[in-house]
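Only a predicted model underlies this, so the values are computations on that prediction, with no experimental measurement involved. We count ligands from 1, going down the list as the structure has it; atoms in each ligand are counted the same way.
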Amino acid sequence: MLQQFDPRNKDIQVYVKDGLYPRDEATVSVFDSSVQGGDAVWEGLRVYKEGIFVFDRHLDRLFDSAHALWFQGVPSRDKVKEAVFQTLRANQMYSDTHIRLTLTRGEKITSGMDPRLNQAGCCLIVLAEWKPPVYDNSGIRVITSTIRRNNPAFLDSKIHHNNLLNNIQAKLQANVAGVDAGLMLDHNGFAAELNGTNIFMIKKGKLLTPFADACLPGITRGLVMELALELTIPIEERNISLTELYTADLVFATGTMGELTPILEIDGRKIKRETELFERIEKAFFAKRQEYCEAIPTVE
Ligand code: PMP
């Protein structure tokens, strides 16, 4: 499922630092921390006709990540929200849109690793594009990657940072294997997540997902766990081995990029599709859209 260039995105306006710029002029400095060290945090958000999906939860994670990395000169929540609204209004994007929201540590006075070289505050980027969900609901095929997902001993996966090389390497392996995503294990060999989405399995009426020790605690993952409680579906976070995934009644991925997506095949093994429970969760998930969306204010 390789994304294609959408000609509607040719002339988009992108917010960088303090205002909007046409796509070709929307750039960061070569001294920016994202260029120098991948020193940035980010969020991927979706805009539906009802508004921006779980906007505040994404902002909470963005600010938590920036705080953990001790960014200075972080813009206020109101400023970030206004920048997002402004960008959407400028592009007339009120549905079918994906927003890549990035906050870098900002520009350095000279190249180097030391965060004390960052004296200009953070750089906020709001990149909104016309984009359908990357995975459609028909399902994906995955392989297990040899690249392990970070745990807090190395780089805490609770920080949603731009050091994505581990995940990119897993995706490279998936590309070579001709499948959609790489399944990443933790350092003990248990499933952590896919290279860009979280993972759940269903077995005998129970929903299971790996501990959030070596995976991003995804917002979609959190919503699914809340829905399971509402629907009184037993749910457990625990270590999950590959064999358990191969023999599950259904396995699915969750994330902003694909919402809820069944996993049809792992390492060549066809995964069962006993869909009754999955369909209940999926239905409840879509039924919540209105409640979870924040409307985009019209011009003051
Ligand atoms: N895992 C990884 C590695 C991700 O990058 C993402 C999304 N950026 C997710 C899972 C899914 O998280 P969310 O549900 O918050 O989109």
For ligand 1 and [X], I'd like to know whether there is a polar contact (N/O to N/O, distance under 3.5 Å).
| X | answer |
| --- | --- |
| E193 | yes |
| I219 | yes |
| T220 | yes |
| N195 | no |

* What is the closest protein heavy atom to atom 5 (O) of ligand 1, and at what distance does it sit? -> H160 NE2, 3.7 Å
* Structure fact -> shortest atom 16 (O) of ligand 1-to-protein heavy-atom contact is with T256 OG1, 2.5 Å
* **Row check, F278 ring normal vs R273 NZ/CZ: under 6.0 Å, within 45°** => no
* Cation over ring, R105 on F71, under 6.0 Å and within 45°? -> no
* State the CG-NE2 distance between L101 and H98, to the nearest 0.5 angstrom. => 10.0 Å
* Give, for atom CD of E82 and atom CZ of R77, the distance between the pair rounded to the nearest 0.5 Å. => 14.5 Å
Numbered atoms of ligand 1 (with element) below 4.0 Å of [X], judged on heavy atoms:
| X | answer |
| --- | --- |
| N167 | 3 (C) |
| G255 | 11 (C), 14 (O), 16 (O) |
| N198 | 10 (C), 11 (C) |
| L216 | 1 (N), 4 (C), 6 (C), 9 (C), 10 (C), 12 (O) |

* Just by distance, with hydrogens left out, do D267 and T144 show a side-chain donor and acceptor under 3.5 Å apart? -> yes
* **Under 3.5 Å side-chain donor-acceptor pair for D32 and S34** => yes
* **Region of W42 that comes within reach of ligand 1 [heavy atoms, distance under 4.0 Å]** => side chain
* Using a heavy-atom cut-off of under 4.0 Å, does the side chain or the backbone of R149 touch ligand 1, or both, or neither? -> side chain
* Passing candidate, side-chain contact (heavy atoms from CB on, under 4.5 Å) with L194, options N167, I263, T254 -> I263
* With atom 6 (C) of ligand 1 as the reference point, say which of G258, G196, C215, G218 has the nearest heavy atom. => G196
* Between R149 and D213, is there a side-chain N and carboxylate O pair less than 4.0 Å apart? -> no
* Take the angle between the ring planes of F200 and F252 and call it parallel below 30°, perpendicular above 60°, tilted in between. => parallel
* Is the shortest distance from a heavy atom of R61 to ligand 1 less than 4.0 Å? -> yes
